[in-house]
Protein chains: 2
Amino acid sequence: MARPTLKKQIPNLQEAIKKAAWKHIAKFGAPALSLRAIARELKITAPAIYNYFLDRDALVTALIIDAYTSFGDSQLAAREAVPSQDVIGQMTAIGMAYRQWAHQYPQRYQLIFGTPIPGYQAPLREVLPSAARSLSALVSVIEQLRLSGKLNVKSFPKVQAEYKAGFEMWKKYGGEVDLLSLTVAMLIWARVHGIVSLEIAGNLPPFGASGDDLYLYEMRSLQQQFVKE
Amino acid sequence: MARPTLKKQIPNLQEAIKKAAWKHIAKFGAPALSLRAIARELKITAPAIYNYFLDRDALVTALIIDAYTSFGDSQLAAREAVPSQDVIGQMTAIGMAYRQWAHQYPQRYQLIFGTPIPGYQAPLREVLPSAARSLSALVSVIEQLRLSGKLNVKSFPKVQAEYKAGFEMWKKYGGEVDLLSLTVAMLIWARVHGIVSLEIAGNLPPFGASGDDLYLYEMRSLQQQFVKE
DNA sequence: ATTAATAAATATACAGTGTTTAGTTACAAG
DNA sequence: CTTGTAACTAAACACTGTATATTTATTAAT
């Protein structure tokens, strides 16, 4: 029985593999992800997976893209939930959604922003679309702030010319914005990422009853620094 | 020949193993660290390593402690290089040393602050001494700032009571300071870590000629936010 | 000096991993 | 009814960390 009959075949095996992979990641963590374990779960043999993914890295890449999509959905939904006139409200909503998503899916967060898979390096070309989309919510808000003249960027550093090509590529998936807005958004991202990644890894003491006082403080700091008036 | 004669034995094999491990990490990255590869390099068998380290994780822990020590040395040296009256100068020196060290030893940086070893979780008890020491340079400067009344901590959030035990433990290795100074230092650490970790992973566009304009900007931001006057 | 104990290594083996190759079968198209 | 292809299995390779048993060099005790 080299090939199972259609009746016994798993209908969308590609999706089933990813689903089993997520299940294993949630249970044993991303580093323990194993093709053979997935195969056991689905009652197929490990090499069968190679019909759907070039190798383990390709599977991980697919998982990362899914995670980015989930993350981007959460970011865009947060922005949409606040009326577009209230730019500052959108900014905080996006920031809160960031941390909320990270706490809800710590494994997905680490899969995207950490380096939990041995030897794996995400191929930028494949990941960029979903990654740019996920950042686009924040970037668009900063852009709105800039267009309304409320963005305080006194002496904000400029990116080097060599990055221009990367920026053009970003715009393709992240939307038409000024380079300044993108770079400010990236700094904000870096700040938020700094706190959340340490928090997820358990390297920050708990602030406040629910632990988010420090985060709120940092969001206020961002507001005071980058929003005029 | 189960046991080599003293002449053929490697003199401090424990150190030699760590040295070979670092060599491999520098060459192939931390995730590719392999006991068997180390053994091959030293021309011994893999199980021989178990005479010096309980298991692979114990070796990694030893490496992390070494990395923390190297990092701490750099931090403390940076503080010492600036006269103790110039607290703000010490603060920036420490900040610059942080990034400099991270760029000089990206693998060590990722070994400490990332999670590049599959399934490995650093045992806090063993790592804390060197970790606390490495942070103590920054913490001590913040403490000086606080004692001289120049620390601006208007509405800075407080840590939860449950952390008090961890704080007591920290003081044992990181020096006698106020809890506030420690937590402010941790926020500063989070900010700096946010930028540097993204930078090391290649996820930030290059700012300025040598790429450190954004970092300088962020250090100025910290100063403006936390230093009075 | 002889013997016993210990320490430090090797040899071997086990269970696991990703991946390659060759073979087999179910199904679809001609 | 045949042929071709897609989708799988089986078996094997080269790795990995680790456990166990064994061997030997050195040290300590008698």
Side-chain angles (χ1 to χ4, degrees), chain A residues 1-18 20-21 24-25 27-64 111 115-123, chain B residues 1-18 20-21 24-25 27-64 111 115-123:
Chain A
M1 40 134 164
R3 180 182 181 170
T5 67
L6 267 186
K7 285 194 180 180
K8 290 215 73 182
Q9 261 185 49
I10 296 164
N12 195 347
L13 191 46
Q14 173 134 13
E15 277 306 314
I17 290 169
K18 288 202 285 185
H24 262 82
I25 286 176
K27 218 170 196 168
F28 310 103
L33 184 59
S34 145
L35 294 185
R36 296 184 113 112
I38 294 170
R40 266 193 302 274
E41 166 118 6
L42 298 175
K43 283 168 187 173
I44 57 174
T45 60
I49 297 174
Y50 286 74
N51 286 315
Y52 301 94
F53 299 95
L54 193 67
D55 52 15
R56 199 189 58 149
D57 283 8
L59 169 59
V60 173
T61 300
L63 294 175
I64 286 181
L111 195 62
T115 53
I117 303 286
Y120 173 81
Q121 251 277 35
Chain B
M1 42 136 161
R3 179 182 182 170
T5 68
L6 268 187
K7 284 193 178 179
K8 289 214 74 179
Q9 260 185 50
I10 296 165
N12 195 347
L13 191 47
Q14 173 134 10
E15 277 305 315
I17 290 168
K18 288 202 284 184
H24 262 83
I25 286 176
K27 218 170 196 169
F28 310 104
L33 184 61
S34 145
L35 294 185
R36 297 185 110 111
I38 293 170
R40 266 193 303 274
E41 167 118 5
L42 298 175
K43 284 169 186 172
I44 57 174
T45 60
I49 296 174
Y50 285 74
N51 287 315
Y52 302 93
F53 299 95
L54 193 67
D55 53 15
R56 199 191 57 150
D57 284 8
L59 170 59
V60 173
T61 300
L63 295 176
I64 285 180
L111 194 63
T115 54
I117 303 286
Y120 173 82
Q121 251 277 34

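Since we're looking at a predicted model, the values are computed, not measured. Quick note on labels: first sequence line is chain A, next is B, and so on, each numbered from 1.
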Rounded to whole Å, please give me the gap between [atom1] in [X] and [atom2] in [N].
{"X": "Ile17(B)", "N": "dA8(C)", "atom1": "CD1", "atom2": "C1'", "result": "11 Å"}
{"X": "Asn51(A)", "N": "dA26(C)", "atom1": "CG", "atom2": "C1'", "result": "14 Å"}
{"X": "Leu42(A)", "N": "dT9(D)", "atom1": "CG", "atom2": "C1'", "result": "15 Å"}
{"X": "Ile44(B)", "N": "dA11(C)", "atom1": "CD1", "atom2": "C1'", "result": "14 Å"}
{"X": "His24(A)", "N": "dG16(C)", "atom1": "NE2", "atom2": "P", "result": "12 Å"}
{"X": "Lys43(A)", "N": "dC8(D)", "atom1": "NZ", "atom2": "C1'", "result": "17 Å"}
{"X": "Ile38(A)", "N": "dG18(C)", "atom1": "CD1", "atom2": "P", "result": "8 Å"}
{"X": "Leu59(A)", "N": "dG18(C)", "atom1": "CG", "atom2": "P", "result": "10 Å"}

What does the list of N/O pairs under 3.5 Å between the protein and nucleotides 15-18 of chain D look like, with a distance for each?
from, atom 1, to, atom 2, distance (Å)
dT16(D), OP1, Ser34(B), OG, 3.1
dT16(D), OP1, Arg40(B), NH2, 3.3
dG17(D), OP1, Leu35(B), N, 2.6
dG17(D), OP2, Leu35(B), N, 3.2
dG17(D), OP2, Arg36(B), N, 3.1
dG17(D), N7, Arg36(B), NH1, 2.4
dG17(D), O6, Arg36(B), NH1, 2.8
dT18(D), OP2, Tyr50(B), OH, 2.6
dT18(D), OP2, Arg56(B), N, 2.8
dT18(D), O5', Tyr50(B), OH, 2.8

(request) State whether the number of non-hydrogen atoms from other residues, nucleotides or ligands found under 6.0 Å of Gln121(B) atom CD is greater than 12. (result)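 Result for CD/Gln121(B): open.
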(request) Could you check if a side-chain atom of Asn51(A) sits within less than 4.5 angstrom of a side-chain atom of Leu13(A), using non-hydrogen atoms only? (result)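 SC-SC contact between Asn51(A) and Leu13(A) ruled out.
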(message) Can you confirm whether Phe53(B) sits close enough to Thr61(B) that some side-chain heavy atom of one is under 4.5 Å from a side-chain heavy atom of the other?
(response)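 The answer is no; the side chains never approach within 4.5 Å.
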(message) According to side-chain hydrogen bond (donor to acceptor under 3.5 Å, both in side chains), who are the partners of Glu41(B), at least two apart in sequence or on a separate chain?
(response)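 Glu41(B) satisfies side-chain hydrogen bond (donor to acceptor under 3.5 Å, both in side chains) with Lys23(B) once adjacent residues are dropped.
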(message) Between Leu42(A) and Ile49(A), does the side-chain contact (heavy atoms from CB on, under 4.5 Å) criterion hold? Intermediate values first, please.
(response) CA-CA 10 Å; Leu42(A) 298 175; Ile49(A) 297 174; over 6 Å; no
(request) Decide yes or no on side-chain contact (heavy atoms from CB on, under 4.5 Å) for Ile38(B) and Leu33(B), but give the supporting numbers first. (result) CA-CA 8 Å; Ile38(B) 293 170; Leu33(B) 184 61; 3.8 Å; yes
